[in-house]
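Read through the structure below, which is laid out as structure tokens, and then see the notes.
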Amino acid sequence: MKIITRFAPSPTGYLHVGGARTALFSYLFARHHGGQFELRIEDTDTERSTQASVDAIFEGMNWLGLEHDSEVKYQSKNLARYHEQINKLLSEGKAYYCDCSKEELDEMREAQKANGEKPRYDGRNRDKGLVKTEETVIRFKTPLTGEVTFDDHVRGSITVANDELDDLVIARADGMPTYNFSVVVDDADMGITHVVRGDDHINNTPRQINIYHALGFPVPEFAHVPMILGDDGARLSKRHGAVSVMQYAEDGYLPEAVLNYLVRLGWSNGDQELFSKEEMVELFTLKGVNKAPSAFNTTKLKWINQQYIQQANNERLVELLKDRLAALNIETDIDLHQVVELFKERAQTINELADMGLFLMQDLTGYDEKAEKKAFKAGSDTALQAIIDKCEAVTDWQGADLHQLIADVVEELEVGFGKVGMPARLALSGQAQGPANDVIMKILGQKESIKRFQAALDYVKAKLAE
Ligand code: GLU
């Protein structure tokens, strides 16, 4: 049997982390079995669905590299097919019109609650043979007896008695089919063999199975994947920070790192942490999916991202760095390859990498206060002046041994290395810590290096004159 899975988001917002993780599991299961992965946009809720959300979903899927096989299916373009199937159920006596008003339904619910019963539609119009009006909805005749059983790939065997389920609405008064109906028709029409989705839908599954039976469609298999929690144990939401997949792109994460993080969120293969996409495809099984919800952990995501940045090709990191600098409106002519080489081991995100390199691209705004007390004092002026003199004498800056240049100053002044090295570092970077002076000088170039030493010298002189 050829395995076909799908991801079926409702376009009412961006692609969030939970949806992306569900999509990934669905994708991996299909790819692992050499099957097909499909994308369906569930946009029958015309008030909440937007084109911007559809675009955001495509953008997120594309960024993560979760490519689907067939053309995208839109539920809003498939209404005739749902109506045909609804009419079939009506004509076979498996569905009926119901004219209960909202008030009537509320009353029903209140009365049931008062009697200690579970609130549900009581089937009062089931056998009345009502006809269609502008107010009538269509309800599905859930079998009155028997039970529904399915063997969930994650949760195991689940059985629900039909008398626990009520006659659900399958078409609203305006004729729009409801989720539980359209999802069945589409999954059947698309030949979906395995429905992999969030476990917030697990209560819908017995209802949907009854609809499959009523329409005479084969019932697919199901895998309900647990939800993602925030670090406080509550369901992951905006409150916990970034939940939109594209926010991670903006925050400087690499897509393969996000994928890797997501696959480990509720799935494991021994104690392996890093997986290429090929490895994920090779190793993924639904059996490896945890039943329990998993908690989102930004520290771990950052660690994974760092591993991928360290492994990434420098050309690619330069391009990503350029994008980030453009987003920050920073223009520079320094060689970004050098910036990447300098910081790729330490940066956990591209944005951090950009931040680490900012002092090379922008004028210094001042000197670290604590460092300044130690590094800019009597004698620093002499050291800075000596460095400037040596720098000015260099004819081939990129070919010069700038480490030696500083060492020569140390030797000539007959002082400890710190007496020259510290003021130089502070002059070049504004900070006490950072890359070696000669490395910074190479990247900045001769003119800018001298400019920074001169600015520091002027600053020290003014300070000493106070
Ligand atoms: N449109 C539904 C959702 O976004 C899909 C549920 C399903 O996969 O069946 O929750």
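- More than 12 heavy atoms of other residues, nucleotides or ligands sit less than 6.0 Å from atom NZ of K344.
- When atom types are taken as modelled, the side chain of S26 and the backbone of T5 share no donor-acceptor pair closer than 3.5 angstrom.
- Few gaps surround NZ on K73; more than 12 heavy atoms of other groups in view lie less than 6.0 Å from it.
- Nearest heavy atom pair, residue V154 against residue N290, reads CG1-O, 3.8 Å.
- In this structure a side-chain-to-backbone donor-acceptor pair under 3.5 Å is present from Q307 to W303.
- A 4.5 Å side-chain heavy-atom check between F275 and N269 finds at least one atom pair inside the cut-off.
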What do the steps show when you test K291 against D199 for salt bridge (charged side-chain N to carboxylate O under 4.0 Å, His left out), and what is the final call? CA-CA 10 Å; K291 282 191 188 52; D199 68 2; over 6 Å; no
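- Rounded to the nearest 0.5 Å, atoms CD (E164) and CZ (R120) are 7.0 Å apart.
- Judged as a ring-ring contact (aromatic ring centres under 6.0 Å, His included), and not counting sequence neighbours, the contacts of F150 are F222.
- Counting only N and O atoms by type, the side chains of N260 and E256 include no donor and acceptor under 3.5 Å apart.
- Judged by distance alone, with hydrogens and angles left aside, the side-chain atoms of H83 form a donor-acceptor pair with the main-chain N or O of G175 at under 3.5 Å.
- With hydrogens and angles ignored, the 3.5 Å screen pairs a side-chain donor or acceptor of R21 with a backbone N or O of L265.
- The distance from the CD atom of E107 to the CD atom of Q112 is 11.5 Å, given to the nearest 0.5 Å.
- Side-chain atoms of N351 come within 3.5 Å of backbone atoms of E250 as a donor-acceptor pair (strictly under, hydrogens ignored).
- The two residues T22 and G198 have their closest heavy-atom pair at CG2-N, 3.9 Å.
- The closest donor-acceptor contact from the side chain of R425 to the backbone of Q433 lies at 3.5 Å or more, if one exists at all.
- The two residues V169 and A171 make their nearest non-hydrogen contact at CG1-O, 3.3 Å.
- With ring centers used as reference points, F284 lies under 6.0 Å from F25.
- The neighbour count for E331 CD, taken as heavy atoms of other residues, nucleotides or ligands under 6.0 Å away, does not exceed 12.
- In this structure, a donor-acceptor pair under 3.5 Å is present between the side chains of R197 and T205.
- Considering only heavy atoms from C-beta on, E104 comes within 4.5 Å of R124 through its side chain.
- Here CD1 of I86 is found 5.5 Å from CD1 of I138. Values are rounded to the nearest 0.5 Å.
- Panel note: side chain Q306, backbone E345; a donor-acceptor pair is recorded below 3.5 Å.
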Check the pair K88 / E84 against salt bridge (charged side-chain N to carboxylate O under 4.0 Å, His left out), numbers first and verdict last. CA-CA 6 Å; K88 185 171 162 236; E84 174 198 290; over 6 Å; no
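- Residues L168 and F181 fail the side-chain proximity criterion, which asks for heavy atoms closer than 4.5 Å.
- By the 30° and 60° cut-offs, the orientation of the rings of F37 relative to Y27 is perpendicular.
- Under a cut-off of 6.0 angstrom, the local environment of CD in Q398 is crowded, with over 12 non-hydrogen atoms contributed by other residues, nucleotides or ligands.
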List the steps, then state whether side chain to side chain contact (heavy atoms under 4.5 Å, CB included) holds for Q208 with V195. CA-CA 12 Å; Q208 292 174 14; V195 171; 5.9 Å; no
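- In this structure, F296 has its ring center under 6.0 Å from that of Y261.
- The main-chain N or O of T142 is found under 3.5 Å from a side-chain atom of D167 such that the two form a donor-acceptor pair.
- Annotation for P226 and V289: closest pair CD-CG1, 4.1 Å, computed over non-hydrogen atoms.
- Residues P220 and T193 have side chains not in contact (no heavy-atom distance under 4.5 Å, counting atoms from C-beta outward).
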So L328 and R324, side chain to side chain contact (heavy atoms under 4.5 Å, CB included) or not? Walk me through it. CA-CA 6 Å; L328 294 172; R324 175 62 185 161; 3.5 Å; yes
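- When atom types are taken as modelled, the side chain of H32 and the backbone of E282 share a donor-acceptor pair closer than 3.5 angstrom.
- The two atoms that bring A371 and A432 nearest to each other are CB-CB, 3.6 Å, heavy atoms only.
- Checked by atom type, the side-chain pair S76/D43 shows a donor-acceptor distance below 3.5 Å.
- Under a 3.5 Å cut-off, the side chain of N115 and the backbone N or O of E117 do not form any donor-acceptor pair.
- A donor-acceptor contact closer than 3.5 angstrom is absent between the side chains of Y248 and N305.
- Between the side chains of Q272 and E279, at least one donor N or O lies within less than 3.5 Å of an accepting N or O.
- By the 6.0 Å and 45° rule, R139 stacks over the aromatic ring of Y121.
- Proximity of L15 to P9: side-chain heavy atoms (C-beta onward) are nowhere separated by under 4.5 Å.
- Two residues are said to be in side-chain contact when any heavy atoms from C-beta on lie closer than 4.5 Å; P435 and F343 meet this criterion.
- For the residue pair Q247 / Y253, no side-chain donor-acceptor distance below 3.5 Å is found, with atom types taken as modelled.
- Remark: K442 NZ to I334 CD1 distance equals 15.0 Å, nearest 0.5 Å.
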Could you please spell out the steps behind the side chain to side chain contact (heavy atoms under 4.5 Å, CB included) verdict for T46 and M176? CA-CA 9 Å; T46 43; M176 271 295 183; 4.0 Å; yes
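- Between L336 and E319 the shortest side-chain heavy-atom distance does not fall below 4.5 Å.
- Rounded to the nearest 0.5 angstrom, R264 CZ and L259 CG are separated by 14.5 Å.
- Side-chain contact check for N314 and H337: no donor-acceptor pair (N or O, by modelled atom type) lies under 3.5 Å.
- For the atom pair CG (D174) and CD (E135), the distance works out to 12.0 Å, reported to the nearest 0.5 Å.
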Begin with the C-alpha distance, continue with both residues' side-chain angles, and end with the deciding distance and a verdict on salt bridge (charged side-chain N to carboxylate O under 4.0 Å, His left out) for R31 and E278. CA-CA 10 Å; R31 292 285 177 263; E278 291 69 30; over 6 Å; no
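- In the displayed structure, D333 atom CG is contacted under 6.0 Å by at most 12 heavy atoms of other residues, nucleotides or ligands.
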Checking H68 against M61 for the side chain to side chain contact (heavy atoms under 4.5 Å, CB included) test, could you report, in this order, the C-alpha distance in whole Å, the side-chain angles of both residues, the deciding distance, and whether it holds? CA-CA 9 Å; H68 51 91; M61 295 291 281; 5.8 Å; no
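- The shortest distance between side-chain heavy atoms of R40 and D187 falls below 4.5 Å.
- I309 approaches A347 most closely through the heavy-atom pair CD1-O, 3.9 Å.
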One pair to check against side-chain hydrogen bond (donor to acceptor under 3.5 Å, both in side chains): N204 and Y179. What are the steps and the verdict? CA-CA 10 Å; N204 287 322; Y179 157 70; 4.7 Å; no
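- Using a cut-off of 4.0 Å between Lys/Arg side-chain N and Asp/Glu carboxylate O, R109 and D122 are scored as not salt-bridged.
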